[in-house]
Amino acid sequence: MTLSVAKTPSLLSAVLPSSGVAAKVGAVVLGSLLLAASAKVQVPFWPVPMTMQTFVVLVLGMAYGSRLAVASVLTYLAQGLAGLPVFAGAIAGPAYMMGPTAGYLVGFVAAAAMIGLLAERGWDRSPLKAFVAMSAGHALIFVFGVAWLSSLMGLEKAIAVGVTPFLAATVLKSALGMAVMVAAWSALRRRQA
């Protein structure tokens with residue numbers, strides 16, 4: 001006996017129900033460009049500034065679904081690997097991708113997949129479920145990030161520099177992501193009515 005959960009359309013497929021390959025490729029490219037732009041947006045925050053990358057990763061997961069969100073993140077990472085200036089700093093390329101942020105970058109892929117799967121099960125339509133999903137996505141990114149950082153500096157220091165300073169921002173970005181998704185679905189329902 002298998003238990004399956006019915007997939008629900010992503011926000012993107014609800015907006016563009018008959019989108020072909022060109023539209024999907026365009027969405028992936030747009031997603032990668034949004035990620036690159038979000039890496040450059042540094043919001044003053046205490047004790048360290050935050051970027052909006054995790055917010056965009058998670059919103060892409062919810063809006064695009066798992067496949068297109070993962071494709072967007074992988075395209076973004078390929079751009080960085082090729083040396084394009086898509087990351088928060090001025091450098092990119094293979095050396096950057098093996099640096100302290102490597103685990104977080106891998107976490108972006110895992111979180112996009114997980115959030116996309118949850119959205120495909122309707123978690124993007126409920127404020128509470130969307131917030132829980134966004135929070136779980138952030139937690140997954142932290143798991144990958146801290147795992148890599150701890151191999152460089154030990155677990156205690158990895159948590160101190162790789163998680164603790166970002167907790168308040170994470171809650172804020174999860175709430176913002178939830179609000180964006182709820183507002184987008186509400187606007188779509190009004191337009192369709």
Side-chain angles (χ1 to χ4, degrees), residues 10-13 15-16 19-45 48-120 124 133-134 136-149 151-152 158 161-163 165-166 169-170 173-174 176-177 180-181 184:
S10 67
L11 181 62
L12 180 64
S13 62
V15 171
L16 302 170
S19 61
V21 173
K24 290 177 181 172
V25 169
V28 166
V29 170
L30 176 63
S32 73
L33 294 175
L34 288 172
L35 267 170
S38 72
K40 304 300 182 186
V41 174
Q42 294 202 358
V43 179
F45 208 77
V48 293
M50 71 171 176
T51 67
M52 295 302 288
Q53 286 174 288
T54 58
F55 167 80
V56 171
V57 166
L58 301 178
V59 169
L60 283 173
M62 284 217 157
Y64 280 16
S66 60
R67 288 186 185 141
L68 291 179
V70 167
S72 296
V73 175
L74 290 174
T75 300
Y76 166 73
L77 295 178
Q79 292 164 347
L81 183 63
L84 297 175
V86 296
F87 298 129
I91 62 169
Y96 179 87
M97 295 188 71
M98 293 306 296
T101 61
Y104 297 97
L105 297 175
V106 173
F108 287 178
V109 178
M114 181 187 75
I115 294 297
L117 289 172
L118 289 173
E120 290 163 6
D124 58 337
M134 293 280 181
H138 276 110
L140 188 58
I141 292 168
F142 281 136
V143 166
F144 280 90
V146 168
W148 178 257
L149 273 180
S151 72
L152 303 174
V161 301
V163 176
F166 303 103
T170 296
K173 287 190 275 186
S174 292
L176 182 60
V180 165
M181 291 308 300

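Bear in mind that the values here come from a model prediction, so they are computed numbers and not experimental data.
When all heavy atoms of G162 and P165 are compared, the closest pair comes out as N-CD, 4.5 Å. Minimum heavy-atom separation, T51 to S38: CB-O, 3.7 Å. Of all heavy-atom pairs between G137 and A111, the closest is O-CB, 3.7 Å. Of all the heavy atoms in L60 and G31, the pair that sits closest is CD1-O, 3.7 Å. When every heavy atom of G61 is checked against every heavy atom of A69, the shortest pair comes out as CA-CB, 3.5 Å. Across A27 and L12, no two heavy atoms sit closer than the pair CB-CD2, 3.8 Å.
Qualifying ring-ring contact (aromatic ring centres under 6.0 Å, His included) partners for F108, counting only residues two or more places apart in sequence or in other chains: none.
With a 4.5 Å cut-off on side-chain heavy atoms, M52 and L176 count as touching. Side-chain atoms of F142 and Y104, non-hydrogen and from C-beta on, do get closer than 4.5 Å to each other. The shortest side-chain heavy-atom distance between F87 and L77 falls under the 4.5 Å cut-off. Looking only at side-chain heavy atoms (C-beta outward), L149 and P100 come within less than 4.5 Å of each other. Using a 4.5 Å heavy-atom cutoff, the side chains of L11 and M62 are not in contact. Annotation: side chain of V163 is in contact with side chain of V146 (closest heavy-atom distance under 4.5 Å). Contact check for K173 versus M50: side-chain heavy atoms found under the 4.5 Å cut-off.
If you take CG on L81 and CG on L105, they are separated by 10.5 Å, rounding to the nearest 0.5 Å. Atoms OH and NZ, from Y64 and K24 in turn, are 12.5 Å apart once rounded to the nearest 0.5 Å. One finds the CD1 atom of I115 at 11.5 Å from the CD atom of E120 (value rounded to the nearest 0.5 Å). For the atom pair CZ (F55) and CG (L35), the distance works out to 11.5 Å, reported to the nearest 0.5 Å.
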For residues 91-98, please give each side-chain donor-acceptor pair under 3.5 Å, one per line with the distance, not counting sequence neighbours.
none

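Residue V28 is tested with V73, L68, L33 for a side-chain contact (heavy atoms from CB on, under 4.5 Å); the sole match is L68.
No side-chain donor-acceptor contact under 3.5 Å links T75 and S72. Judged by distance alone, the side chains of H138 and T54 do bring a donor and an acceptor atom under 3.5 Å apart. A side-chain donor from one of Q79 and S32 sits under 3.5 Å from a side-chain acceptor of the other.
Side-chain atoms of W148 come within 3.5 Å of backbone atoms of G99 as a donor-acceptor pair (strictly under, hydrogens ignored).
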